[in-house]
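See below for the structure under consideration.
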Amino acid sequence: TGYDHLRGRPRHRRAVEIDANHDLTITDRFTGRGRHHVSVGLLIAPGWQVEPAENGWRLRGGGHSLRISLESPPTVRGDVEQAAYHPEYGLEQSTLRLVWRGDVEFPITMTVRVVPE
């Protein structure tokens, strides 16, 4: 209820699921009314390589490969940006963050899928 003071009383709920194939699904549901700016992101551990792929990215690191995709309204765009990673107190490392941002009309649902390749 922390955003009830905003126009349209936006609310956010997140569900995280892992299926039998080890596919990870993160579903963000935004309810309320009106047009709002949304931003969703995933911090990537240092050492992983990120390359663009259809509707998302392919990540490679530690002998593994993952495909990350997004189902969202067309006004939401994905990007990769520099970010800080803190593996322990007082230690900061540079890494990447996958982000999705856009102006959307509520209610909406955005789904991120992480699939091992």
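Since the model is a prediction, treat every value here as computed from it, not as a measurement. Computed from heavy atoms alone, side chains included, the values below leave out hydrogens, waters and symmetry copies.
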Next item on the list: Could you tell me whether the side chain of T75 and the main chain of G102 form a donor-acceptor pair under 3.5 Å?
Entry: no
Check: Of L70, L96, I44, V80, which meets side-chain contact (heavy atoms from CB on, under 4.5 Å) against W57?
Finding: V80
Checklist line | Linked, directly or transitively: V76 and V114 (ILVMFWY side chains, under 4.5 Å) | finding: yes
Margin query: Within the 4.5 Å heavy-atom criterion, are W100 and D28 side-chain neighbours or not?
Written below: no
Item checked: Min side-chain heavy-atom separation T25-D19 under 4.5 Å -> no
Notebook entry, point to check: How about R11 and D4: do any of their side-chain heavy atoms sit closer than 4.5 Å?
Noted result: yes
Checklist line | Euclidean distance, R29 CZ relative to T109 OG1, rounded to 0.5 Å | finding: 5.0 Å
Checklist line | Rounded distance [0.5 Å steps], CD in E81 versus CZ in R101 | finding: 4.5 Å
Check: So does E54 have more than 12 non-hydrogen atoms from other groups sitting under 6.0 Å from CD?
Finding: no
Item checked: Rounded distance [0.5 Å steps], CD in E117 versus CG in L66 -> 7.5 Å
Check: Out of V104, I26, V38, which residue meets the side-chain contact (heavy atoms from CB on, under 4.5 Å) rule with M110?
Finding: V38
Next item on the list: Using the side chain to side chain contact (heavy atoms under 4.5 Å, CB included) rule, take R77 and D79 through it: C-alpha gap first, then chi angles, then the decisive distance, then the call.
Entry: CA-CA 7 Å; R77 300 283 185 232; D79 201 1; over 6 Å; no
Item checked: R60 side, atom CZ; Q49 side, atom CD - distance, nearest 0.5 Å -> 8.0 Å
Check: Nearest heavy-atom pair of R7 and R35: which atoms, and what distance?
Finding: NH2-O, 2.9 Å
Check: Does N21 use its side chain to pair, donor to acceptor, with the backbone of D23 at less than 3.5 Å?
Finding: no
Notebook entry, point to check: Parallel under 30°, tilted from 30 to 60°, perpendicular over 60°: which one fits the rings of H64 and W48?
Noted result: parallel
Notebook entry, point to check: Heavy atoms, side chains only, cut-off 4.5 Å: are Q93 and L91 in contact?
Noted result: yes
Check: Roughly how far, to the nearest 0.5 Å, is CZ of R9 from CZ of F106?
Finding: 14.0 Å
